[in-house]
There are 2 protein chains.
Amino acid sequence: MVTINDIARQAGVSRTTVSRVLNQNGYVSDRAKTKVLEVIEETGYVPSEQAKSLRTKKTNVIGVILPRLSSETVSRVVDGMDRELAKAGYQILLSSTSLETEKEADHIRLLESRRVDGIVLFGTHKDEAILNAIKQAKVPVVVLGQDFTPHVSSVVYNDYEASRAAVAALADVGHEKIGFIGVDEADIAVGQERRRGYLDEMKSRGFAVLPEWMQTAGFDMASGSEAFQKMLEYSQTRPTAVFAVTDRLAIGAMQRAKDAGMSVPGEMAFISIGASEASQVVTPKLATVDYYNEDAGMSIASLILEEIDEDMKDAKKIVMNYGLLLRDSLC
Amino acid sequence: MVTINDIARQAGVSRTTVSRVLNQNGYVSDRAKTKVLEVIEETGYVPSEQAKSLRTKKTNVIGVILPRLSSETVSRVVDGMDRELAKAGYQILLSSTSLETEKEADHIRLLESRRVDGIVLFGTHKDEAILNAIKQAKVPVVVLGQDFTPHVSSVVYNDYEASRAAVAALADVGHEKIGFIGVDEADIAVGQERRRGYLDEMKSRGFAVLPEWMQTAGFDMASGSEAFQKMLEYSQTRPTAVFAVTDRLAIGAMQRAKDAGMSVPGEMAFISIGASEASQVVTPKLATVDYYNEDAGMSIASLILEEIDEDMKDAKKIVMNYGLLLRDSLC
DNA sequence: TTGTACGCGTTATCAC
DNA sequence: GTGATAACGCGTACAA
């Protein structure tokens with residue numbers, strides 16, 4: 001690999017001069033300049049960002065810790081992030097936990113060893129371990145999707161309000177008996193907040209909630225389907241609508257409903273959160289909440305850049321907007 | 001940021017000793033060892049992979065150039081890649097062209113400046129410029145999705161055979177008048193090979209192909225819908241089935257067919273390539289070809305690692321398998 | 001068993 | 001205008 005020394009030698013100047021023409025600072029004669037550029041062109045020399053970083057203590061790389069890439073929401077967010085970061089000359093170094101979320105702390109250290117300028121963590125849960133790991137970190141860390149303020153700056157979706165809005169949408173078209181399909185509560189945002197939103201909205205409207213109406217599922221369609229099945233089996237009083245915390249769960253449940261011969265939304269209405277591509281191609285089209293993932297990505301990117309540039313006094317919290325997509329599965 | 005020197009000083013030994021306990025090579029007394037580990041623990045010292053790389057000329061980072069992440073196939077492939085690379089201790093540095101595919105060459109240089117150990121390029125087209133850029137590169141480059149052999153090692157999907165198989169599947173259930181929705185031919189794999197597969201299969205079966213039956217579309221559903229519309233408008237003889245080169249196009253077309261009151265698959269059957277999540281939730285379920293994207297990701301990962309480890313004599317070509325998913329839209 | 005000295009490819013600080 | 005020279009954080013002969 002050709003180095004700055006090779007260029008200097010071949011151009012008959014010193015390293016310093018080469019560096020000067022490369023970074024266009026300091027004075028350098030036209031003669032030397034053209035000669036240097038010429039040699040660079042010939043040799044196909046590419047300066048080592050790596051060596052530069054060692055010296056400048058800046059890599060222009062942001063580490064991103066995520067559970068897995070092949071998820072529509074995640075990849076959208078990363079896309080948005082990348083667009084924003086690229087503008088500022090940063091690149092993304094991926095660090096996937098492969099759903100082993102307990103390893104998030106290790107990934108922080110891994111990225112630190114690479115001397116990334118900052119870390120974006122896709123929040124999957126919230127406990128002491130991860131919180132400590134972030135505090136120990138010597139580079140700025142920001143979290144997306146879980147509220148780690150006031151300790152760590154975060155970009156969060158408005159899970160509580162979005163859930164209330166979704167349930168309200170069902171209520172507005174006349175439903176009172178509304179079931180819920182949620183996920184594990186270790187995930188504060190998706191597990192707890194969305195559940196809380198559901199319960200509060202039901203309560204504020206004076207709607208009763210039977211225990212059997214609340215089911216917990218995993219992350220795939222089959223799981224949503226099972227949860228829906230249980231809801232029907234164990235309950236004397238069948239709900240007329242279901243709010244599922246993710247599109248996948250809703251689609252699984254809706255499929256089961258259709259298979260059972262129920263008319264959707266006539267006998268059973270559905271709404272969820274995600275605005276996935278699948279949600280707009282199922283029949284009927286699934287009513288859902290758009291979380292504007294790309295925007296979230298851009299926000300989290302801006303946030304980490306901010307933390308890198310200026311030493312922030314205290315943690316910042318950005319709450320994303322959401323948009324209700326009232327589609328055919330609603331009524 | 002605490003360095004190896006700080007550790008050495010605080011532990012009362014030399015840098016060399018610290019380095020030895022870190023890399024567990026060479027002899028080091030138990031006393032020194034425990035002392036060093038103790039100090040490391042206290043300070044939260046994380047060795048700089050960056051500085052190490054400068055010395056060892058190995059970053060353990062693979063650069064990945066892709067058009068955009070928020071595509072189901074792309075994110076699946078990257079997921080597969082990452083899984084395989086992580087096993088070998090590598091991480092992925094993303095470099096998205098944001099669909100400006102003419103910038104692929106620039107991205108190769110960008111990644112070279114970061115001194116990545118190897119580059120994986122998601123092939124979007126094939127021309128002199130990109131081929132030269134790859135040849136100029138001083139690090140191994142492999143391509144996924146376009147056949148760059150014998151110049152550059154590639155992992156390719158079997159676009160030609162998959163297309164023939166898809167068309168054959170339609171023929172096997174009785175269709176003879178089969179339309180085609182393709183994409184721009186700058187993309188050799190998707191644009192040309194799939195088209196060629198379609199034409200050859202039609203020809204081999206002695207089926208006529210009217211020019212109006214062959215439409216070119218973009219990448220979104222709306223585009224597929226339009227293409228289908230044109231196919232019907234401009235042709236006296238309406239096809240009874242359509243092969244679209246991507247799921248999105250097929251779903252767009254199918255939607256249009258349903259909107260126009262045609263029964264699917266009764267009056268119009270569909271098949272495509274992609275096996276997207278959307279393909280299994282549309283009604284009727286879309287027949288499609290699974291390209292096993294995760295496997296492709298693992299293959300391309302293995303390939304680049306191979307090129308890094310041993311100086312390959314000549315370019316290798318790996319042709320991926322595919323699987324036909326015969327679903328409801330077929331008959 | 002441990003330490004010295006040098007180099008990896010840059011940038012920054014001087015002095016000329 | 002230009003060029004030595006010293007860092008940056010680490011690995012590794014070579015010596016001791």
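So that the names make sense, note that chain A is the first sequence line, chain B the second, and so on, each numbered from 1. Treat the numbers as computed from the prediction; the structure is a model and nothing was measured.
- Here side chain to side chain donor-acceptor pair (under 3.5 Å) pairs that include residues 122-136 of chain B, with residues two or more places apart or in two chains, are B/E104-B/T124, B/H125-B/D127.
- Look at B/T17 and you won't find any side-chain N or O under 4.0 angstrom from OP1 or OP2 of C/dT2.
- A straight line from CZ of A/R9 to P of D/dA4 spans 13 Å, rounded to a whole angstrom.
- The shortest side-chain heavy-atom distance between B/I65 and B/I108 falls under the 4.5 Å cut-off.
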Once each nucleotide of nucleotides 8-16 of chain D is scored for protein heavy atoms under 4.0 Å, what B/S/- sequence comes out, 5' to 3'? BBBBBB---
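- The CD-P distance, from B/Q50 to C/dG9, rounds to 14 Å in whole Å.
- At the phosphate of C/dT10, neither OP1 nor OP2 sits under 4.0 Å from any side-chain N or O atom of A/S53.
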Please report, to 0.1 Å, the donor-acceptor pairs under 3.5 Å made by any side chain of residues 35-46 of chain A, with sequence neighbours excluded.
from  : atom 1 : to    : atom 2 : distance (Å)
A/T43 : OG1    : A/V39 : O      : 2.9
A/T43 : OG1    : A/I40 : O      : 3.2
A/T43 : OG1    : A/Y45 : N      : 3.4

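- The environment of A/N25 atom CG is dense: over 12 non-hydrogen atoms of other residues, nucleotides or ligands sit within 6.0 angstrom.
- For A/Y157 and A/D147, the side-chain atoms include no donor-acceptor pair closer than 3.5 Å.
- Minimum heavy-atom separation, A/A8 to A/R15: CB-N, 3.7 Å.
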